[in-house]
Asker: 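Handing you a structure now.
Residues: numbered from 1 along the sequence shown. What you see is a predicted model; the values in this text were computed from it and never measured. Counting starts at 1 for both ligands and their atoms, following the listed order.
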Amino acid sequence: MKQTRLVIVVPCYNEEEVLPESTLRLFQVIDTLKRQRQIDSGKILYVDDGSKDHTWSLIKQYATDSHIAGLKLAHNVGHQKALWAGLEWAVSYADIIISIDADLQDDEEAIYSMINYYHKGVDIVYGVRKGRKTDTFFKRYTAQAFYRLMNGLGGNIVYNHADFRLLSRRALQSLLSFPERNLFLRGMVHSLGYPSAIVYYNRKERFAGKSNYPLKKMVEFALDGITSFSVRPLQYITYIGLFFIFVSILAIVYGLCSYIAGNTMPGWTSLLVSVWFIGGAILLACGIIGEYIGKIYTEVKRRPHYFVEEYTGINKRSI
Ligand code: UDP
Ligand code: MG
């Protein structure tokens, strides 16, 4: 059997309340997998995304155990980039890489089925939540709308899959070869094309701490997802423009007809409405184009995703 070294990458931002419990549970998973000879070795790699609480001192304390390693980023760069940092550091060591959130809202027991799929030759296993019962009404509906919109725009992402997934070493190497600065990992992974499978689980509530994804971050994330993966909004602008031209031709024909028929033209209202409407449409179009130009701007700057301030339990680029 091929060698199987597992690394579980866990991004953490102000997670001091959940870390003790999460560490215990992940430990248990690794232990069971080892006993069942599903893996040769297992490690948890915590990425501290510039936390302001005691997350890093906890990680350092845990890292005295050889199964735990930590990476401290110099400042808060957001979930996707923190995860990317962990993946980059894990790739030289691991054969199997699993990413999971620190709050273990994603059922860690699903890891067993993920590893099973890996042994069957699957490179990418998506963790997909069965329902959104534990989410608030608001989060549930905004999330659903987001997936529909993304797929409608040709983004093609796995429905209800967040960032709980297994990657084989070669899938991860391919993912890391993507040079872009705007990270939208779930879309990028989906475009790799290796054999993949889905594992369903029930998403739990956070057992402690609070969500670090307020509405502002969620909207930014959704916009990022759409503009990093689809140029259809730009095409729609053209269609809308064409449609308006068509409407204005109709209006001209109508105006001529009523003039010939001797009717006086209707008043200002219709004129004013159309001026406002067209003005709004143009501004909207400019806004969408602006979003993409912003993307190009961050891409051409080619700034690094993160800086590492400290690490523990690992050697640079090899854990
Ligand atoms: N997270 C991070 N950086 C941030 C925000 C969040 O690394 O700036 C991590 C956080 O510690 C957790 C994961 O991303 O492990 C998901 O965050 P959270 O649970 O707050 O989001 P939700 O589950 O509510 O979408
Ligand atoms: Mg969470």
Side-chain angles (χ1 to χ4, degrees), residues 7-26 44-59 62 68-90 97-108 110-111 127-147 150 157 159-165 182-186 201-225 305-309 311:
V7 171
I8 304 179
V9 179
V10 189
C12 313
Y13 179 56
N14 296 341
E15 299 286 14
E16 62 180 7
E17 282 175 69
V18 300
L19 270 187
E21 170 81 15
S22 303
T23 307
L24 264 178
R25 289 205 218 159
L26 289 177
I44 306 169
L45 172 60
Y46 286 121
V47 183
D48 177 9
D49 185 13
S51 300
K52 296 181 184 74
D53 61 1
H54 297 107
T55 302
W56 180 243
S57 48
L58 273 181
I59 295 173
Y62 295 150
I68 297 186
L71 198 62
K72 183 185 193 313
L73 304 187
H75 66 130
N76 179 250
V77 291
H79 175 229
Q80 299 285 291
K81 287 181 179 171
L83 187 52
W84 184 269
L87 295 175
E88 272 193 345
W89 281 62
I97 299 90
I98 290 179
S99 50
I100 190 166
D101 288 352
D103 51 22
L104 296 193
Q105 281 186 287
D106 308 307
D107 189 0
E108 73 280 359
I111 292 177
V128 171
R129 66 183 78 163
K130 276 187 200 146
R132 284 181 169 266
K133 282 192 215 91
T134 57
D135 279 353
T136 58
F137 177 82
F138 180 73
K139 180 130 188 171
R140 186 158 60 224
Y141 283 93
T142 47
Q144 261 168 12
F146 169 65
Y147 284 107
M150 252 329 260
I157 52 174
Y159 188 66
N160 267 349
H161 162 65
D163 282 298
F164 178 33
R165 73 175 77 83
N182 293 289
L183 296 180
F184 186 64
L185 290 173
R186 59 192 82 168
Y201 63 91
N202 283 315
R203 185 161 158 106
K204 295 174 280 192
E205 260 172 88
R206 241 178 194 276
F207 56 84
K210 59 178 193 317
S211 169
N212 288 311
Y213 262 100
L215 181 63
K216 181 169 169 282
K217 270 196 190 170
M218 265 162 60
V219 171
E220 276 171 10
F221 187 59
L223 271 182
D224 258 4
H305 288 308
Y306 61 89
F307 295 109
V308 173
E309 188 178 314
Y311 48 92

Asker: Between Glu88 and Lys81 (salt bridge meaning N to carboxylate O under 4.0 Å), is one present in this structure?
Answerer: no

Asker: Say whether Tyr13, considering both its backbone and side-chain N or O atoms, lies within less than 3.5 Å of an N or O atom on ligand 1.
Answerer: yes

Asker: Looking at Asn76, which atoms of ligand 1 are within less than 4.0 Å of one of its heavy atoms?
Answerer: 3 (N), 4 (C), 8 (O)

Asker: Side chain or backbone of Glu205 under 4.0 Å from ligand 1, or both, or neither, by non-hydrogen atoms?
Answerer: neither

Asker: Nearest non-hydrogen contact with atom 12 (C) of ligand 1 belongs to which option: Glu15, His79, Lys210?
Answerer: Glu15

Asker: Which residue supplies the protein heavy atom nearest to atom 16 (C) of ligand 1, what is that atom called, and how far is it?
Answerer: Asp101 OD2, 3.3 Å

Asker: For ligand 1, does Lys139 get within less than 4.0 Å through its side chain, its backbone, both, or neither, judged by non-hydrogen atoms?
Answerer: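 Answer for Lys139: side chain.
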
Asker: Is Arg206 close enough to touch ligand 1? Criterion: a residue heavy atom under 4.0 Å from a ligand atom.
Answerer: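 Distance cut 4.0 Å: Arg206 passes for ligand 1.
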
Asker: Using side chain to side chain contact (heavy atoms under 4.5 Å, CB included), reason through Val219 and Phe146 one step at a time and then give a plain yes or no.
Answerer: CA-CA 10 Å; Val219 171; Phe146 169 65; over 6 Å; no

Asker: Nearest to atom 20 (O) of ligand 1, what protein heavy atom do you find, and at what distance?
Answerer: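 Closest protein heavy atom to atom 20 (O) of ligand 1: Asn212 N, 2.4 Å.
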
Asker: Regarding Asp103, does it place an N, O or S atom less than 2.8 Å from the Mg ion (ligand 2)?
Answerer: yes

Asker: Using a strict 4.0 Å cut-off to heavy atoms of Lys217, name the atoms of ligand 1 that fall inside it.
Answerer: 4 (C), 5 (C), 8 (O)

Asker: Can the ring centres of Tyr46 and Trp56 be said to be less than 6.0 Å apart?
Answerer: no

Asker: Identify, for atom 24 (O) of ligand 1, the protein heavy atom at the shortest distance, and state residue, atom and that distance.
Answerer: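 For atom 24 (O) of ligand 1, the nearest protein heavy atom comes out as Ser211 OG, 2.6 Å.
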
Asker: Using the ring of each side chain (for Trp, its six-membered ring), is Tyr311 parallel, tilted or perpendicular to Trp89, with breaks at 30° and 60°?
Answerer: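 The arrangement is tilted - the two ring planes meet at 30° to 60°.
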
Asker: Does the side chain of Asn76 come under 3.5 Å of the side chain of Tyr13 through a donor N or O and an acceptor N or O?
Answerer: no

Asker: At what distance, to the nearest 0.5 angstrom, does CG of Leu215 lie from CZ of Phe221?
Answerer: 14.0 Å

Asker: Heavy-atom contact check, 4.0 Å cutoff: does Gln80 meet ligand 1?
Answerer: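 Gln80: no contact with ligand 1 (<4.0 Å).
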
Asker: Is any side-chain heavy atom of Leu19 closer than 4.5 Å to one of Thr55?
Answerer: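 Side-chain contact under 4.5 Å: yes.
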
Asker: Give the numbers and elements of all ligand 1 atoms closer than 4.0 Å to a heavy atom of Arg203.
Answerer: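 It comes down to these atoms of ligand 1: 22 (P), 23 (O).
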
Asker: I'd like to know if the side chain of His54 reaches the main chain of Glu16, judged simply by a donor and an acceptor atom lying under 3.5 Å from each other, with no hydrogens or angles considered.
Answerer: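 Absent.
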
Asker: Side chain, backbone, both or neither: which applies to Val10 and ligand 1 if a contact is any heavy-atom pair less than 4.0 Å apart?
Answerer: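 No part of Val10 comes within reach of ligand 1.
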
Asker: Among protein heavy atoms, which lies nearest atom 4 (C) of ligand 1, and at what distance?
Answerer: Asp49 OD2, 3.5 Å

Asker: Going by heavy atoms in the side chains, are Asp101 and Val10 under 4.5 Å from each other?
Answerer: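 SC-SC contact between Asp101 and Val10 ruled out.
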
Asker: Just by distance, with hydrogens left out, do Gln80 and Trp84 show a side-chain donor and acceptor under 3.5 Å apart?
Answerer: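 No donor-acceptor contact under 3.5 Å links the two side chains.
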
Asker: Taking backbone and side chain together, does Ser211 place any N/O/S atom at a distance below 2.8 Å from the Mg ion (ligand 2)?
Answerer: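 Given the 2.8 Å cut-off, Ser211 does not count as a ligand of the Mg ion (ligand 2).
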
Asker: With a 4.0 Å cut-off, would you call Glu108 and Lys204 a salt bridge?
Answerer: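 Looking at Lys204 together with Glu108, the answer is yes, because their closest N to O distance falls below 4.0 Å.
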
Asker: In terms of side-chain heavy atoms, does Gln105 have a donor or acceptor partner in Arg203 at a distance below 3.5 Å?
Answerer: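 On atom types as modelled, these side chains qualify, holding a pair under 3.5 Å.
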
Asker: Which protein non-hydrogen atom lies closest to atom 19 (O) of ligand 1, naming both residue and atom, and how far is it?
Answerer: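 Nearest neighbour among protein heavy atoms for atom 19 (O) of ligand 1, to 0.1 Å: Asp103 OD2, 2.5 Å.
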
Asker: For atom 15 (O) of ligand 1, which candidate among Pro11, Ala85, Ser22, Gly209 holds the nearest heavy atom?
Answerer: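 It is Pro11 that holds the nearest heavy atom.
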
Asker: Among all protein heavy atoms, pick the one closest to atom 21 (O) of ligand 1 and tell me residue, atom and distance.
Answerer: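 For atom 21 (O) of ligand 1, the nearest protein heavy atom is Tyr213 CD1, 3.2 Å.
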
